[in-house]
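A short worksheet on the structure shown next.
Order of listing sets the numbers, starting from 1, for every ligand and every atom in it.
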Amino acid sequence: MTLLDSMPTDCVVSAWNEWDRLREMVVGTAVGANYEPTEPGSRPQRRGGREGNPFPTGPKPQHVIDQANEELQGLVQLLQDWDVVVRRPSPVDFSTQLVSPDFSVENQYCAVCPRDVLITVGSEIIEAPMSRRARFFEYLPYRDIVRGYWKQDQNVRWTAAPKPSMHDRMYRQEFWEWPLVERHKRMHDFEFCVTQEEVLFDAADASRFGNDIIIQESMTTNRAGIEWLRRHLQDRGIRVHAVHFPLDLFPSHIDCTFVPLRPGLILTNPERPILEGEDKLFLDSGWKLVDAPQPSLTNDQMPEFCQSSKWLSMNVLSLSPDVVICEENEHELHELLSREGLEVLTIPFRGVYEFGGSLHCATWDVRREGKGEDLLGISS
Ligand code: ARG
């Protein structure tokens, strides 16, 4: 019997991949959401030719919050209809200023995207260090929930990765000034707005494939962050692989770029192919990479204050290896996924877009059936 076989699979916290039958999940809330502030790790911009005007600050308008909450509630209802236990974050006032010994920021952000903050790896919950000042305390709305699981089941492990200083020195501010040609020239350097000094990652840069986890280098995850996760998980036979998508010049969070749907099938972004050679990890073990169709909106048609790209279209949420939830307008994607043999459920979700994500981002899976397996043809 290996160490992995001896790990409990009936633990209240247990999730090994992105697709096994979902049993329990946290869905974000737009209550208290603020506009993301301008800070060294983020330069929010309006879309559609209105880039010149200043980006708003402070709380988001109530009707925008209400719209997002209605759609989030629709997701909660759908999940409950499928017998998934759903929990919601505690309300937090995101309009407060933060002052630490090393930085200050005028307001915080929101609790719409738990995916960015937390990741379940087997029976362990890991709180990411995060990479932006406004998101430093974003674990707080989830702490009641996490503490609850930890108390309920002694097999639950709970880890907070080291918090970074978020000092000016942690960032590479020139990044924001580089013209596109310059970024293109440097696309194989994988250097973005954060330096390599401190341990940084957002949970949403990682994607779980049983005993293998892939994680992209990005504006929100650096090499030290990947190394921290690798060392943290290696004793349990979980392997961490860095992956890269050179054509994404502003990468953050892997779930609009490379989305596994079931063993053997990954939805890929045709504008952001994986670095040459890194595809071997999947192809050699028989996985199929299928490009997503063009999204229903262009980048310019995305909501004015949305900082994500049109590829939120492929930010789908798996209920099981056979059933996937998609945004209702993405008809071409629905057809593609149906052709691949998946049952496609659809709900409206565009009102959530300007809060940083779609269906996968706005959720954090706590329990899925199944256990850790070697799915990429590697075994320790
Ligand atoms: N940077 C991604 C894109 O624009 C958006 C990722 C959103 N994902 C998330 N977990 N918040 O394509």
If you have a sec, work out which protein heavy atom is nearest atom 10 (N) of ligand 1 and how many Å separate them, to one decimal?
D116 OD1, 2.8 Å
Under 4.0 Å from a heavy atom of G356: which atoms of ligand 1 are those, numbered in the order shown and with their elements?
7 (C), 9 (C), 11 (N)
Which residue and atom name correspond to the protein heavy atom nearest atom 9 (C) of ligand 1, and how close is it?
C361 SG, 2.7 Å
What protein heavy atom lies closest to atom 4 (O) of ligand 1? Include the residue and the distance to one decimal.
S309 N, 2.7 Å
What is the closest protein heavy atom to atom 1 (N) of ligand 1, and at what distance does it sit?
S252 O, 2.7 Å
So for ligand 1, is L312 a polar contact partner (N or O within less than 3.5 Å, distance only)?
no
Using a strict cut-off of 4.0 Å, indicate which atoms of ligand 1 neighbour a heavy atom of D255.
6 (C), 7 (C), 8 (N), 9 (C), 10 (N)
Without hydrogens or angle criteria, can the side chains of N107 and S95 be said to hold a donor-acceptor pair below 3.5 Å?
no
Side chains of E124 and H232: any donor to acceptor distance under 3.5 Å?
yes
Would you tell me whether R135 and T220 have side-chain atoms, one donor and one acceptor, within less than 3.5 Å of each other?
no
Ring centers of F282, F258 separated by less than 6.0 Å:
yes
Does the side chain of Q196 pick up a donor-acceptor pair with the side chain of R172 at under 3.5 Å?
no
Using the side chain to side chain contact (heavy atoms under 4.5 Å, CB included) rule, take W287 and L375 through it: C-alpha gap first, then chi angles, then the decisive distance, then the call.
CA-CA 9 Å; W287 288 66; L375 296 165; 4.0 Å; yes
Is R115 in polar range of ligand 1, meaning some N or O pair under 3.5 Å apart?
no
Quick one: look at A204 and ligand 1, take heavy-atom pairs under 4.0 Å, and tell me if it's side chain, backbone, both or neither.
side chain
Looking only at N/O atoms, are N315 and ligand 1 under 3.5 Å apart anywhere?
no
If you measure from each heavy atom of R272 to ligand 1, is any distance below 4.0 Å?
yes
Pair S104, Q97: side-chain N/O donor-acceptor within cut-off below 3.5 Å:
no
Could you tell me, atom by atom, which parts of ligand 1 come under 4.0 Å of a heavy atom of S308?
4 (O), 5 (C)
Judged by modelled atom types alone, do D205 and T221 share a side-chain donor-acceptor pair under 3.5 Å?
yes
